[in-house]
Engineer: 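Please see the structure below; I have some questions.
Letters A, B, ... mirror the listed sequences (proteins, then strands); counts begin at 1. Given the structure is predicted, the values throughout are model-derived calculations rather than measurements.
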Amino acid sequence: MSDPTESPQAEPAPPASEAADAPARLRELVAERRAAMDALRAQGVEPYPPGGGALDRVGEVRARFEGQGAEATEERAALAPGEDSGEPVRVAGRVVATRGHGRLAFLSLRDGEDELQVMARLDRLGSEGLALVTELHEGDWVRAEGTVARSKRGELSVDADAVTLVGKALRPLPDKWHGVREPETRYRHRELDLAASEQARATVRARAVVLAALRAELDERDYLEVETPLLHPIPGGANATPFVTHHEALDVDLYLRIAPELYLKRLVVGGLPRVYEVGRVFRNEGLSTRHNPEFTMLEAYQAHAGYAEMMELTQALVQRAATALAQAGLREEGLVARLGEVEVDLSGRWPRRPMLDLVAQAVGEPDLDLSDRARLARLCAAHHVPIEERWGPGKLALELYEKLVEPHLREPTFVIDYPVEVSPLARRHPDDPELTQRYELIVAGRELTNGFSELTDPDDQRARFEEQARAKAAGDAEAMPIDEDYLAAMELGLPPTGGLGLGLDRLLMLLLGRESIREVVAFPTLRPRGR
RNA sequence: GGGCCGUUAGCUCACCUGGCAGAGCUCCGGACUUUUAAUCCGGCGGAGCGGGUUCGAGUCCCGCACGGCCCUCCA
């Protein structure tokens with residue numbers, strides 16, 4: 001905590017909400033709430049008390065009296081307007097609306113997604129207790145003890161014997177009807193968005209549901225969940241620019257991982273035949289609606305499998321995630337995804353189409369292979385696909401595919417057999433050594449997963465790394481460096497292995513129909529506010 | 001990195017060709033023992049930042065900051 005540069009006499013900075021440069025109105029609103037809090041403190045009421053003690057969840061109370069739960073009884077369901085069940089409850093939540101009525105006040109209390117009305121009556125609370133309720137603000141956290149009753153208008157309520165402030169809100173909630181609209185505020189202060197928007201809360205839940213579904217599927221298939229380093233001495237496993245950081249004690253630069261791939265395969269080398277990892281990876285690239293510099297990747301490796309098995313697994317994972325979200329009520333039923341106007345059917349077995357076939361079809365050629373670079377270059381020119389001199393035929397074919405084919409693949413499609421030139425970690429195809437057993441899953445024109453039969457020949461791997469090193473020397477900033485530790489592992493023997501990588505954020509976008517990755521990441525990367 | 005668009009009260013939105021910036025929510029004061037976006041009466045509060053044009057700028061021009069969308073790159 002001690003900072004030698006900090007003057008010991010330094011005054012603590014005033015709260016930002018009360019700083020001189022804060023908007024006047026906000027200062028006022030905060031000051032009013034703070035005044036209410038100070039008045040409570042003067043009466044001996046602590047505005048931030050500890051929690052604890054048995055609580056009834058609002059959802060459980062509602063289910064007991066209005067639902068089909070185990071506790072629901074006919075007697076409870078028959079509770080009439082104006083009637084008190086006499087059943088004591090103790091609930092807690094955030095005040096999301098107040099309706100004062102002089103000697104009576106109603107509070108709407110939200111606990112998770114469930115709301116329950118609290119009735120605060122002079123008869124029952126006394127003038128002091130009611131005064132305390134009257135002093136509450138929207139956004140405050142409270143605990144209410146009382147009995148379950150129905151108001152005269154029939155609303156299920158807690159007729160309160162005691163209402164306790166358990167967390168004062170000094171800042172106002174967003175508009176209770178419209179919430180926060182401005183994207184910047186929603187992203188920078190997601191807590192405001194969450195407090196105001198059911199959809200925002202559902203999105204956070206959806207991520208948890210999808211993660212649980214993916215883990216369940218992998219666990220059932222006897223995969224072991226593992227963790228590998230985020231700090232890499234050599235960034236590898238993907239073509240991307242890494243973030244650099246520095247370890248002080250070792251005095252070495254380290255890289256935030258761009259992929260866990262190489263470490264996971266080292267675990268397979270070591271004799272763990274089925275492993276997976278879910279975790280953050282970091283790529284030092286621009287921001288866009290589809291790119292956050294940190295994103296969540298699922299990678300899975302299975303010994304003695306090939307890309308065919310990994311495609312089967314991929315399909316099972318995506319379909320299971322979609323089903324789990326629907327069962328959780330977080331998306332519509334059925335294996336259908338919507339992105340904007342586009343509707344996509346996720347059911348059935350997804351087709352597998354060789355990349356070169358798709359390109360040939362797109363350019364109107366009967367067939368296409370990688371033997372004639374000049375021909376591919378002419379095709380790029382004819383279709384206005386810009387190229388670079390150093391690119392080989394495989395890269396040219398990939399460019400054609402990415403520009404002419406991928407954006408138009410709407411239904412789930414496994415694109416297979418990518419050129420070896422652009423797939424430095426994938427096994428060569430037995431039918432064509434210039435191709436690999438690699439696949440990508442494309443849905444609605446977007447890559448969701450990338451996987452392959454792993455390259456297991458250490459000598460071929462070394463040659464591929466050397467090819468990458470040459471590309472790096474020639475100016476390709478994203479080319480992979482040679483990783484001797486990985487090569488040493490391969491020389492110990494990597495069994496035939498299938499691998500897959502799945503971008504969780506993009507899967508969520510697809511399943512929830514969100515056009516921007518910032519909608520599925522709670523706190524997306526933004527440029528810090530200047531100061 | 002390039003192009004287009006946006007920024008008005010804490011929040012959600014108005015303000016037509018330049019002429020005293022309005023409303024709802026929130027908040028404050030008052031009334032109300034059955035409301036549920038409670039209602040009724042009264043009130044506080046504002047043009048992102050910096051220049052310019054003009055008698056006069058929220059409005060026109062330039063620059064900056066931040067954001068959104070598209071392109072580029074990746075997953």
Side-chain angles (χ1 to χ4, degrees), chain A residues 17 21-33 35-36 81-82 96-109 115-125 130 137-139 149-157 159 169-189 192-193 195-196 238-241 258-259 281-299 386 402-403 440-442 446-451 477-478 501-507 509 515-518 524 526-531:
Chain A
S17 56
D21 59 346
R25 180 58 174 162
L26 181 60
R27 274 210 311 276
E28 241 177 76
L29 291 168
V30 171
E32 282 162 354
R33 287 159 183 258
V96 294
T98 62
R99 296 175 290 280
H101 271 272
R103 273 159 271 181
L104 162 76
F106 298 98
L107 303 176
S108 294
L109 208 65
E115 289 188 20
L116 187 62
Q117 174 167 275
V118 174
M119 281 195 283
R121 298 189 292 142
L122 181 67
D123 307 1
R124 212 153 152 171
L125 285 168
L130 185 63
H137 290 100
E138 291 185 5
R150 278 199 186 279
S151 69
K152 285 184 185 169
R153 292 291 176 87
E155 178 78 14
L156 193 69
S157 309
D159 200 353
L170 293 175
R171 289 173 183 254
L173 286 182
D175 188 287
K176 71 174 97 170
W177 207 234
H178 305 281
V180 185
R181 284 269 178 81
E182 192 182 33
E184 184 174 354
T185 307
R186 292 200 296 114
Y187 301 155
R188 287 190 195 279
H189 288 285
L192 291 173
D193 192 24
N239 292 109
T241 309
I258 56 174
V281 299
F282 306 86
R283 299 191 183 175
N284 205 339
E285 289 153 359
L287 310 173
S288 82
T289 45
R290 294 176 193 69
H291 302 86
N292 201 52
E294 53 177 306
F295 62 97
T296 300
M297 178 104 104
L298 165 68
E299 286 201 8
E402 287 182 348
K403 297 291 186 302
E440 291 190 351
L441 171 62
I442 311 300
R446 300 179 187 179
E447 269 174 66
L448 264 192
T449 71
N450 184 15
E478 298 190 340
L502 183 156
L504 182 81
D505 310 274
R506 290 199 177 164
L507 176 62
M509 288 168 68
E515 298 280 8
S516 172
I517 197 168
R518 294 184 187 127
L526 296 177
R527 184 181 294 277
R529 272 290 189 193
R531 182 148 285 263

Engineer: Nearest whole Å is fine: how far is B:rG68 P from A:Tyr187 OH?
Structural biologist: 6 Å
Engineer: Using only heavy-atom distances, decide whether a donor-acceptor pair under 3.5 angstrom links the side-chain of A:Glu155 to the base of B:rU36.
Structural biologist: yes
Engineer: Among the candidates B:rA38, B:rG68, B:rC28, find the nucleotide nearest to the side-chain atoms of A:Arg518.
Structural biologist: B:rG68
Engineer: Which listed nucleotide (B:rC28, B:rC69, B:rU34) is nearest to the side chain of A:Arg121?
Structural biologist: B:rU34
Engineer: Quick check on RNA chain B: between A:Lys403 and A:Arg188, whose nearest nucleotide comes earlier from the 5' end?
Structural biologist: A:Arg188
Engineer: Scan A:Met119 against the nucleic acid and name what it touches under 4.0 Å (heavy atoms): base, sugar-phosphate only, or nothing.
Structural biologist: base
Engineer: For nucleotides B:rC71 and B:rU17, find the distance between their C1' atoms and express it as a whole number of Å.
Structural biologist: 36 Å
Engineer: With respect to the side chain of A:Pro23, which nucleotide from B:rU34, B:rG10, B:rU26 is positioned closest?
Structural biologist: B:rG10
Engineer: Rounding to a whole Å, what distance do you find between A:Glu478:CD and B:rC73:C1'?
Structural biologist: 7 Å
Engineer: Taking only the side-chain heavy atoms of A:Trp177 (C-beta and beyond), determine which of B:rA37, B:rU26, B:rU34 contains the nearest atom.
Structural biologist: B:rA37
Engineer: For the base of B:rC13, is there a side-chain donor-acceptor partner from A:Arg181 under 3.5 Å away?
Structural biologist: no
Engineer: Starting at atom CZ of A:Arg527, determine the distance to atom P of B:rG68, rounded to an integer number of angstrom.
Structural biologist: 11 Å
Engineer: State plainly whether the residues A:Glu515 and A:Arg446 are in salt-bridge range, i.e. N to O under 4.0 Å.
Structural biologist: yes
Engineer: Expressed as a whole number of angstroms, how long is the span from A:Arg99:CZ to B:rA31:P?
Structural biologist: 20 Å
Engineer: Whole angstrom is fine here: how far is it from CG in A:Leu29 over to P in B:rU12?
Structural biologist: 14 Å
Engineer: Take atom CG of A:Leu287 and atom P of B:rG68, then tell me their distance rounded to the nearest Å.
Structural biologist: 8 Å
Engineer: Of all the nucleotides listed (B:rA37, B:rC66, B:rG10), which has the minimum atom distance to the side chain of A:Glu184?
Structural biologist: B:rC66
Engineer: Please determine whether a side-chain nitrogen or oxygen atom of A:Arg25 lies at a distance below 4.0 Å from atom OP1 or OP2 of B:rG46.
Structural biologist: no
Engineer: Given B:rG68, B:rU34, B:rG45, which nucleotide is nearest the side-chain atoms of A:Glu28?
Structural biologist: B:rG45
Engineer: Between the base of B:rG24 and the side chain of A:Asp175, is there a donor-acceptor distance below 3.5 Å?
Structural biologist: yes
Engineer: Checking all strands, does A:Asp193 fall into the base, sugar-phosphate, or nothing category for heavy-atom contacts under 4.0 angstrom?
Structural biologist: nothing
Engineer: Kindly say if A:Lys176 contacts the phosphate of B:rA38, meaning a side-chain N or O under 4.0 Å from OP1 or OP2.
Structural biologist: yes
Engineer: Within the structure, does a side-chain N or O atom of A:Thr289 lie under 4.0 Å from either OP1 or OP2 of B:rC70?
Structural biologist: yes
Engineer: Return the nearest nucleotide to the side chain of A:Ser288; candidates are B:rU36, B:rC73, B:rU26.
Structural biologist: B:rC73
Engineer: In this structure, how many angstroms lie between the C1' atom of B:rA38 and the CD atom of A:Glu138, rounded?
Structural biologist: 12 Å
Engineer: Considering heavy-atom distances to RNA chain B, does A:Pro172 or A:Phe106 have its closest nucleotide positioned more toward the 5' end?
Structural biologist: A:Pro172
Engineer: So, does A:His101 get its side chain near the phosphate of B:rA31, meaning an N or O under 4.0 Å from OP1 or OP2?
Structural biologist: no
